[in-house]
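These notes are about the structure you will find just below.
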Amino acid sequence: MTEQKQTYDPATIEPKWQRFWAENKVFRAKNPGDADFDPEQPKFYALDMFPYPSAAGLHVGHPEGYTATDIVSRYKRATGHNVLHPMGWDAFGLPAEQYAIQTNTHPAKATARNIETFRRQLQTLGFSYDWEREFGTCDPDYFKWTQWIFKVLHQRGLAYESDAPVWWCEALGTVLANDEVINGRSERGDHPCERRPLRQWMLKITAYAERLLQDLDGLDWSESLKTMQREWIGRSEGAEIEFDVDGHDARLRVFTTRPDTLFGASFMVLAPEHELVDAITTSEQRQAVADYVKAAAAKSELERTDLAKDKSGVFTGAYAHNPLFAEGDPKGRIPIWIADYVIVSYGTGAIMAVPAGDERDFEFARKFGIAIPGIFAPVTEDKERDARIAAGEQCCTDEAPYAEHCRTPDGRIALAGMTQADAKRTVIDWLVAEGRGEAKVTYKLRDWLFSRQRYWGEPFPVLHTVDGVELVADEDLPVTLPDMQDFKPGGQPESPLIRATDWVETTDRQGRPAKREINTMPGAAGSSWYFLRFCDPHNQDEFCSKAASDYWLPVDLYVGGTEHAVGHLLYSRFWTKVLHDAGHVSVVEPFHKLYNQGMIQAFAYQDSRGAIVPVAQTRIEGDGVVHAETGEKLTQTVTKMSKRYGNVVNPDDVVREYGADTLRLYEMYMGPLADAKPWNPKDVPGVHRFLQRAWRLCVPEFAEKGTVHAWLRADRAGDVEIEKRLHRTIHKVTGDIERMAFNTAIAAMMIFVNEATKAIDKLSRDQVLRFVQLLNPFAPHLSEELWQRLGGEGSLSYAPWPTWDEAMLVDDEVELAVQVLGKVRARVRVANNAPKDEVLAAARAAAAKWLAGKRVVKEVVVPNKLVNFVAK
RNA sequence: GCGGGGGUGGCGAAAUGGCAGACGCAGCGGCCUUAAAAGCCGCGGACCGGGAACGGUCGUGCGGGUUCGAGUCCCGCCCCCCGCACCA
């Protein structure tokens with residue numbers, strides 16, 4: 001045998017192990033019912049937010065979360081868990097279709113190609129997915145069940161057609177859901193959107209608002225994410241109150257969170273779109289009101305809500321009557337206005353305005369000269385403020401004592417001296433007794449707009465016949481898309497499917513003529529239950545067997561970006577609850593622990609005006625970066641990766657140059673998973689060097705092919721100091737994986753390799769094997785290779801996780817800092833856990849120089865850490 | 001405006017109220033080499049004592065406080081990021 005150079009070469013070992021894992025189905029997860037299934041084994045379900053396979057291919061942001069779940073998955077396998085770690089494709093939806101239109105390819109073709117690319121890229125990164133469970137949401141085998149779930153929703157009264165105004169995006173040629181529209185513009189593409197009344201399918205997620213809110217409490221999610229969902233659901237408790245309208249039979253209903261301030265209601269405001277506006281407007285005001293309504297309708301959502309603009313409004317000429325005052329009492333006669341600060345779709349679209357207790361109402365009353373009756377009598381240090389509030393010259397939104405006059409003549413309501421909570425209850429009780437109102441809870445959450453006017457989505461399992469809507473029978477699912485050559489949106493708010501006449505015109509089971517629903521489902525349909533299908537992906541009879549979902553759910557760890565905080569995560573929770581209510585799954589929440597990874601950013605360079613200069617137009621000069629043309633010195637800043645700035649990093653390039661293990665390790669070493677952090681190309685070689693050092697710990701530079709250092713070929717006792725360091729490393733890495741602190745786990749392994757390199761010939765085979773196991777979740781290819789070369793048994797992927805001995809974590813002797821008045825003046829070495837007086841004696845001697853001539857008033861001893869003398 | 005998270009060397013970052021800056025990058029010095037790369041060993045917050053050893057002072061956005069001791073806890077302020085934003 002000849003000796004040859006044995007350098008760490010990821011290009012050969014990575015494909016080798018990827019092939020090994022695939023051929024031996026190493027990462028196959030066992031389901032209940034499988035021959036080798038062990039019901040005693042604990043399970044662990046680690047899920048990534050599956051990607052949207054775009055034409056751009058994988059971005060370095062994808063592997064960040066994927067590596068984190070892969071580390072945890074591999075760790076859980078090593079600690080005896082049956083691990084479900086699947087991957088698939090969120091493959092229906094707008095971007096694929098937009099791309100297809102631009103390049104004139106069929107979206108099915110473009111999507112299939114993009115999936116190929118994504119799969120290839122992910123496979124080169126060595127993730128331990130069970131690829132046998134892979135599917136895309138556009139597979140008929142999958143969307144058959146998406147359609148089936150729609151039927152469940154429909155049968156339970158949770159899917160309905162509506163003509164209410166919805167967001168229409170002209171540029172995208174479709175309607176969009178609330179969470180897809182930000183400040184009146186589309187989330188994708190940033191196109192303007194407008195409200196239009198269109199027939200649409202809606203899902204009644206509002207029926208689940210309270211449960212979606214309540215069940216957040218038991219989830220292991222970040223507080224900020226829970227807060228986002230709580231705000232989106234937007235629960236508020238209050239009352240609905242009915243007001244009589246002078247000269248009309250109709251009663252106006254308002255929602256308020258402050259029924260206790262009813263005494264201060266001095267006007268009412270209706271949204272311009274409120275249905276009673278027309279009926280109550282007087283002839284003198286008709287023109288002004290009509291103009292205002294027209295102007296409000298023409299305003300974009302941005303103009304109406306985004307600006308901190310002046311309040312506007314118009315008097316309708318009508319008056320309402322405050323139910324607290326006797327009929328005819330002029331104090332109860334309040335003008336009715338319309339104004340666009342009241343939103344038609346929230347509450348009842350009308351408010352009672354209490355300028356004394358609400359800043360918006362106060363501002364409005366001031367501007368239009370409406371009375372501001374004071375209703376509070378605060379008694380604080382600030383006498384001037386108290387007086388202004390009492391006189392109705394200042395608004396008071398804090399809890400404050402009620403004025404004496406907040407009472408009805410019969411004494412049934414007398415708020416003075418009551419807390420706000422008691423006052424609310426008193427007023428509500430009175431309203432209920434009088435048949436004038438009731439306690440009421442309102443939510444900001446709206447029903448889910450569930451249809452799109454596009455081609456590339458799940459068809460609805462719906463037929464329209466003369467008798468109305470008919471659901472397609474289960475046996476006839478899936479309803480597949482017709483193969484169309486021209487799938488572009490038609491320019492009118494109708495799906496391109498309308499042109500597939502042969503498909504649209506059909507018959508129902510009785511042979512009666514029927515038209516297919518031409519809208520398709522939104523992208524979020526398929527992603528609202530994919531975590532269920534992963535449990536049982538090949539089931540032909542059910543969407544997922546109860547046995548499989550009972551075993552695997554909930555997802556133990558779900559990792560992804562924050563951008564899905566209110567859309568996907570809320571929809572998935574909703575569908576899970578519906579399927580639970582229908583008896584199909586046992587859990588009420590799909591994702592137990594959710595972790596949001598931070599964004600991977602990039603460095604960019606900006607000129608003196610703060611403008612970003614694309615990387616291609618910069619040049620390194622001295623120790624700085626300058627503009628290639630002007631020579632201006634540029635300052636470094638951090639941005640999102642962007643094609644425009646030329647600072648996008650392609651994971652393929654990193655794999656080619658350094659290997660997948662380096663990419664994985666670098667992404668985990670950059671900083672805490674949850675933080676946003678910039679990609680620094682200069683740091684990548686650092687972790688690569690660490691892997692090379694780990695390699696050299698085992699493999700001599702020149703050797704017979706496949707061999708390790710001579711001293712590692714046979715068993716022998718390892719060095720005690722190395723052994724201690726190893727136990728510490730095992731302890732640290734184990735704890736850090738548990739708390740998802742991968743950056744510090746890697747630092748601990750670096751320390752071990754540095755120490756071990758210095759005493760390389762004292763290492764034992766057994767020590768190196770344990771270290772390689774620790775490294776495995778992070779750098780699986782390198783560690784499998786070393787494990788094999790060292791003669792480890794079987795595949796490293798199921799080798800039991802190494803353990804540590806607590807006794808090995810402590811030293812016999814420790815060094816203590818000796819402080820005088822909190823300043824470190826000396827150090828002493830004493831026995832571990834030495835008695836206090838021994839420690840003090842040693843410390844006193846060491847600090848004698850600083851204690852001379854002083855009186856020690858206090859001695860603080862922190863065992864094995866430090867001694868502090870307080871001396872005067 | 002409201003809610004949440006932050007601000008630590010030249011850069012990414014560590015640090016149960018107990019020696020701030022572990023680990024990595026960039027930088028500097030040395031070994032090896034004809035030379036370079038790679039590798040290996042070491043130094044590395046700032047300032048002062050003319051340089052080293054050594055010693056001193058200051059230092060975790062700013063100002064106060066609690067404590068023997070504060071990056072960490074409390075109060076006030078400044079700045080940055082994320083979310084919500086006329087939701088009654």
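What's counted below: heavy atoms across the whole structure, side chains too, no hydrogens, waters or symmetry copies. Below, read A as the first sequence line, B as the second, and so on, with proteins coming before strands; counting in each chain starts at 1.
Using a 4.0 Å heavy-atom criterion, one finds that Leu866(A) contacts the bases of the nucleic acid, with or without backbone contacts as well. Counting non-hydrogen atoms under 4.0 angstrom, Arg827(A) reaches a base of the nucleic acid. Asn754(A) comes within 4.0 angstrom of sugar-phosphate atoms only, judged by non-hydrogen atoms across all strands, and of no base. As judged by a 4.0 angstrom heavy-atom cut-off over every strand, Asp361(A) is placed among residues making no nucleic acid contact. Among the heavy atoms of the strands, none lies under 4.0 Å from Pro685(A). Contact annotation for Arg825(A): backbone-only contact, meaning every heavy-atom pair under 4.0 Å involves sugar-phosphate atoms and none involves a base. When heavy atoms are screened at a 4.0 angstrom cut-off, Ser345(A) is found touching no nucleic acid atom at all. The residue Glu859(A) sits apart from the nucleic acid: no heavy atom pair falls under 4.0 Å. Nucleic acid contact for Lys682(A): sugar-phosphate only, since backbone atoms but no base atoms lie under 4.0 Å from a heavy atom of the residue. Counting any heavy atom pair closer than 4.0 Å across all strands shown, Arg235(A) reaches no nucleic acid atom. Residue contacts for Phe690(A): at a heavy-atom cut-off of 4.0 Å it reaches no nucleic acid atom on any strand shown. Nucleic acid contact class of Lys640(A) (heavy atoms, under 4.0 Å, all strands): none.
Rounding to the nearest 0.5 angstrom, the gap separating the CG atom in Leu270(A) from the CG atom in Asp340(A) is 13.0 Å. For the atom pair CD (Glu438(A)) and CD1 (Ile428(A)), the distance works out to 10.0 Å, reported to the nearest 0.5 Å.
For G39(B), neither phosphate oxygen OP1 nor OP2 lies less than 4.0 angstrom from any side-chain nitrogen or oxygen of Arg693(A). Listed pair Lys823(A) / C58(B) meets the phosphate criterion, a side-chain N or O lying under 4.0 Å from OP1 or OP2. Regarding contacts with the backbone of G24(B), every side-chain N or O of Asn743(A) stays at 4.0 angstrom or more from both OP1 and OP2.
One P atom belongs to A52(B), the other to A37(B), and the distance between them is 27 Å to the nearest Å. Nucleotides G61(B) and G7(B) place their P atoms 7 Å apart, quoted to the nearest Å. Only the C1' atoms considered, G29(B) is 22 Å distant from U34(B), to the nearest whole Å. Taking atom P in both G24(B) and G83(B), the straight-line distance is 36 Å, to the nearest Å. Separation of the C1' atoms belonging to G21(B) and G30(B) is 25 Å when rounded to the nearest angstrom. Atom C1' of G18(B) sits at a distance of 14 Å from the matching atom of C73(B), rounded to the whole Å. Taking atom C1' on both C79(B) and A88(B), the two are 34 Å apart, rounded to the nearest angstrom. Rounded to the nearest Å, the gap between the C1' atom of C11(B) and that of G69(B) is 31 Å.
Base orientation of G9(B): syn (glycosidic angle within 90° of 0).
In this structure G39(B) sits in a base pair with C31(B), meeting the Watson-Crick or G-U test at under 3.5 Å. Judged by Watson-Crick or G-U wobble contacts below 3.5 Å, the nucleotide C2(B) has G83(B) as its partner. As the counterpart of U57(B), A46(B) is assigned, both hydrogen-bonding distances of the Watson-Crick or G-U wobble pattern falling under 3.5 Å. Nucleotide C19(B) is matched to nothing when pairs are restricted to Watson-Crick or G-U wobble geometry with both distances under 3.5 angstrom.
Taking only distance into account, the side chain of Lys865(A) never meets the base of C19(B) through a donor-acceptor pair shorter than 3.5 Å.
In the displayed structure, Glu237(A) atom CD is contacted under 6.0 Å by at most 12 heavy atoms of other residues, nucleotides or ligands. Heavy atoms from other residues, nucleotides or ligands lying under 6.0 Å from CD of Glu359(A) number 12 at most.
Residues Asp811(A) and Arg728(A) are paired through a salt bridge, judged by an N-O separation under 4.0 Å between the basic side chain and the carboxylate. Checked for salt-bridge contact, Asp837(A) and Arg844(A) miss the test: no charged N lies under 4.0 Å from a carboxylate O.
Mapping Arg739(A) and Phe869(A) onto RNA chain B via the closest heavy atom, the residue that lands nearer the 5' end is Arg739(A). Of the two residues near RNA chain B, Asp358(A) and Trp232(A), the one whose nearest nucleotide lies more 5' is Trp232(A).
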ring-ring contact (aromatic ring centres under 6.0 Å, His included) between Tyr595(A) and Trp221(A): does it pass, once the steps are laid out?
-> CA-CA 7 Å; Tyr595(A) 205 93; Trp221(A) 295 14; over 10 Å; no
Tell me, with the steps shown, if Tyr669(A) and Thr744(A) meet side-chain hydrogen bond (donor to acceptor under 3.5 Å, both in side chains).
-> CA-CA 8 Å; Tyr669(A) 189 64; Thr744(A) 49; over 6 Å; no
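The distance from atom CD of Gln229(A) to atom P of C84(B) is 12 Å, rounded to the nearest whole Å. Between Ile751(A) atom CD1 and G24(B) atom C1' there is a gap of 11 Å when expressed in whole angstrom units.
The side chain of Lys677(A) lies closest to A13(B), out of A14(B), C25(B), A13(B).
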